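Note sheet for the following structure.
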Amino acid sequence: MNEHVSIPVPAPMAEPAEVAATRKVFIKTYGCQMNVYDSTRMGDALASDGYETTETMEDADLILLNTCHIREKAADKVYSALGRLRDMKKARAAEGRELMIGVAGCVAQAEGEEIVRRAPAVDVVIGPQTYHRLPDALRRARGGKPVVETDYALEDKFDHLPATAKAAIRSRGVTAFLTVQEGCDKFCTFCVVPYTRGSEVSRTVAQIVAEAQRLADSGVREITLLGQNVNAWRAQGPDGRVWSLGDLLYHLAQTPGLARLRYTTSHPRDMDDRLIEAHRDLRTLMPYLHLPVQAGSDRILKAMNRRHTAAEYLRLIERIRAARPDIAISGDFIVGFPGETEEDFADTMRLVEAVGYAQAFSFKYSTRPGTPGADLPDHVSEEVKAERLERLQALLLKQQTDFAKSCVGKVIDLLLEKPGRMPGQVIGRSPWLQSVNVDAKTSQIGDIIPVRIIGTGPNSLFAEPAERLIKV
Ligand code: SAH
Ligand code: SF4
Ligand code: F3S
């Protein structure tokens with residue numbers, strides 16, 4: 001998952017008449033797509049409690065930071081933001097205006113009480129498993145004492161959203177995220193997620209199908225199923241069998257109105273045959289797979305507790321490509337894990353050469369207190385990490401550029417998503433998750449049209465409308 005996602009949560013539509021929207025909340029999202037989804041749901045929970053979402057901090061009566069703990073820098077950002085908010089709260093108090101501050105997400109879960117000790121301006125700290133209790137926590141915090149809610153709730157946060165918030169699950173565009181699985185039991189030795197998100201939990205088929213249908217009914221054409229380990233999703237299907245993610249995708253592909261499905265993030269260990277078959281059979285399932293490998297050296301993979309070898313990963317990619325030859329592969333990499341030698345790093349470069357990634361995210365190893373990796377010997381110096389990252393990123397960038405160039409001349413289906421920067425232009429999404437600019441009308445947003453790719457830019461492609469190619 002890409003932790004750089006920071007998408008403002010768009011304002012929900014008008015609230016039911018009986019709830020007078022008097023207060024405003026500004027939600028800032030850090031971290032992965034899961035947090036983006038959670039921010040939307042928190043907005044929904046607050047909407048049913050009379051809060052309107054705003055995109056201007058100055059208007060807000062409540063500022064909520066939905067935080068990420070994955071790397072040290074991510075967590076540091078939260079404390080510097082809280083410093084600025086403390087000053088804002090003071091200035092507001094001088095004007096006699098209230099400002100409440102909430103910290104949600106993975107830093108909230110990992111640091112709990114510590115946050116109010118370090119940042120006393122914070123009113124509410126709420127972990128990712130408990131955000132349905134947010135309205136209640138805010139009420140209690142008005143009593144003057146900060147409220148910290150980071151227990152793993154026994155009740156299901158999805159089931160405990162107020163009815164109005166459930167009804168509020170609706171379109172905010174033509175693409176949407178849908179969380180199907182949360183938490184992680186893998187315990188990679190570098191990673192905080194098993195501690196911040198708890199153990200693996202799958203939502204039921206009925207919940208997922210109902211939410212997918214609601215999204216499709218409100219105009220969503222493409223749904224991305226989310227989970228920290230999305231392909232570890234398992235639940236009983238309507239036929240009484242235990243379904244895996246592949247089964248779920250076959251089922252969701254039938255959703256009226258829905259044109260595209262994606263899922264992220266997958267673990268190589270959980271790519272089962274059914275999921276690979278889904279890539280072979282379902283045109284609705286987009287030919288794009290984010291399959292992080294982290295490193296190419298078996299010694300490092302073992303120390304990371306990834307529980308597969310480089311050869312197993314390569315073989316898996318081969319099987320997936322045999323099932324869906326046009327699939328674009330994306331990955332995550334960590335350089336400078338403790339004990340990584342130049343030879344180990346060369347193995348990572350070799351693996352990258354062998355796979356050929358269409359997209360990738362790569363990071364310097366960041367020591368996370370409490371994870372087993374933190375206690376390993378032979379930590380790699382920052383200089384060496386930086387230098388390896390630079391070499392890896394140069395190779396990944398070249399592969400990404402090569403992939404983009406290979407698209408030029410192709411006619412593809414483009415899902416028109418939002419207005420472009422220039423009038424008369426619309427930005428769409430290719431099957432391979434690329435942003436594509438094309439001349440089109442904004443009234444066509446939501447349509448899937450054939451376009452011919454005519455050029456590449458730094459982060460996007462350019463296209464012209466095309467006739468659909470009819471295969472004979
Ligand atoms: N569940 C996903 C990953 C979630 S975290 C998976 O298993 O692939 C997203 C990415 O952040 C990881 O894939 C990894 O590349 C990176 N990451 C996680 N912990 C890190 C750490 N301590 N230092 C550097 N990068 C890290
Ligand atoms: Fe973290 Fe590993 Fe779980 Fe992914 S699989 S969330 S990297 S522990
Ligand atoms: Fe960050 Fe938590 Fe996601 S640590 S990457 S926001 S699961």
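Just so we're clear, the structure is a prediction, and the values are computed from it rather than from any experiment. Order of appearance sets the numbers: ligands from 1, and atoms from 1 within every ligand.
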For residues [X] and [Y], determine if any side-chain heavy atom of one lies less than 4.5 Å from a side-chain heavy atom of the other.
X: Asn66; Y: Val36; answer: no
X: Thr456; Y: Thr401; answer: no
X: Met271; Y: Ser266; answer: yes
X: Phe361; Y: His290; answer: yes
X: Met88; Y: Met57; answer: yes
X: Leu99; Y: Lys89; answer: yes
X: Glu222; Y: Val174; answer: no

Using 4.0 Å as the upper bound for N to carboxylate O, is an ion pair formed by [Y] and [X]?
X: Arg140; Y: Glu149; value: yes
X: Glu342; Y: Arg391; value: yes
X: Glu382; Y: Lys385; value: yes
X: Lys398; Y: Glu353; value: no
X: Asp347; Y: Arg299; value: no
X: Glu312; Y: Arg315; value: no
X: Asp76; Y: Lys73; value: no

Can an N or O of Ser366 be found at a distance shorter than 3.5 Å from an N or O of ligand 1?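 Among all N and O atoms of Ser366, at least one is under 3.5 Å from an N or O of ligand 1.
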For Phe190 and ligand 1, does the shortest N/O to N/O distance drop below 3.5 Å? yes
How does Phe363 reach ligand 1, by side chain, by backbone, by both or by neither, if only non-hydrogen atoms under 4.0 Å count? side chain
With a 4.0 Å cut-off on heavy atoms, is Met34 touching ligand 3?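 No.
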Could you tell me whether ligand 1 has any atom less than 4.0 Å away from a heavy atom of [X]?
X: Thr265; answer: yes
X: Asn229; answer: no
X: Met304; answer: no

Which heavy atom in Leu289 sits nearest to a heavy atom in Ile320, and how many Å separate them?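 Where Leu289 meets Ile320 most closely, the heavy atoms are CD2-CD1, 3.6 Å.
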Residue of the set Tyr250, Tyr263, Tyr288 for which ring-ring contact (aromatic ring centres under 6.0 Å, His included) holds with His279: Tyr263
So is Arg197 close enough to ligand 2, meaning a heavy atom under 4.0 angstrom away? no
Atom indices of ligand 3, in the order listed, that fall short of 4.0 Å to a heavy atom of [X]:
X: Cys68; result: 1 (Fe), 4 (S), 5 (S), 6 (S)
X: Asn35; result: 6 (S)
X: Cys106; result: 2 (Fe), 4 (S), 6 (S), 7 (S)
X: Cys32; result: 3 (Fe), 5 (S), 6 (S), 7 (S)

Measure [X] to ligand 2 on non-hydrogen atoms and call it side chain, backbone, both or neither using the 4.0 Å cut-off.
X: Phe190; value: side chain
X: Pro194; value: side chain
X: Thr265; value: neither

Only heavy atoms of [X], strictly under 4.0 Å: list the atoms of ligand 2 that pass.
X: Lys186; value: 3 (Fe), 5 (S)
X: His267; value: 5 (S)
X: Phe187; value: 8 (S)
X: Arg306; value: 2 (Fe), 7 (S)

With respect to atom 4 (S) of ligand 3, which of His69, Gln33, Arg71 exhibits the smallest heavy-atom separation?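 Answer by nearest heavy atom: His69.
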Which residue holds the protein heavy atom closest to [atom], what is that atom called, and what is the gap in Å?
atom: atom 3 (Fe) of ligand 2; answer: Cys184 SG, 2.2 Å
atom: atom 1 (Fe) of ligand 2; answer: Cys191 SG, 2.3 Å
atom: atom 8 (S) of ligand 2; answer: Cys188 N, 3.3 Å

Show me which atoms of ligand 1 lie under 4.0 Å from any heavy atom of [X].
X: Asp332; result: 9 (C), 10 (C), 12 (C), 13 (O), 15 (O)
X: Gln228; result: 1 (N), 2 (C)
X: Arg306; result: 7 (O)
X: Arg71; result: 11 (O), 16 (C), 17 (N), 23 (N), 24 (C), 25 (N), 26 (C)
X: Lys364; result: 23 (N), 24 (C)
X: Pro292; result: 8 (O)

Applying a 4.0 Å heavy-atom criterion (strictly less than), which segment of Gln228 is in contact with ligand 3: side chain, backbone, both, or neither? side chain
Could you tell me whether Lys28 sits above the aromatic face of Phe26, with NZ or CZ closer than 6.0 angstrom to the six-membered ring centre and within 45 degrees of the axis?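 Here Lys28 fails the 6.0 Å and 45° test against Phe26.
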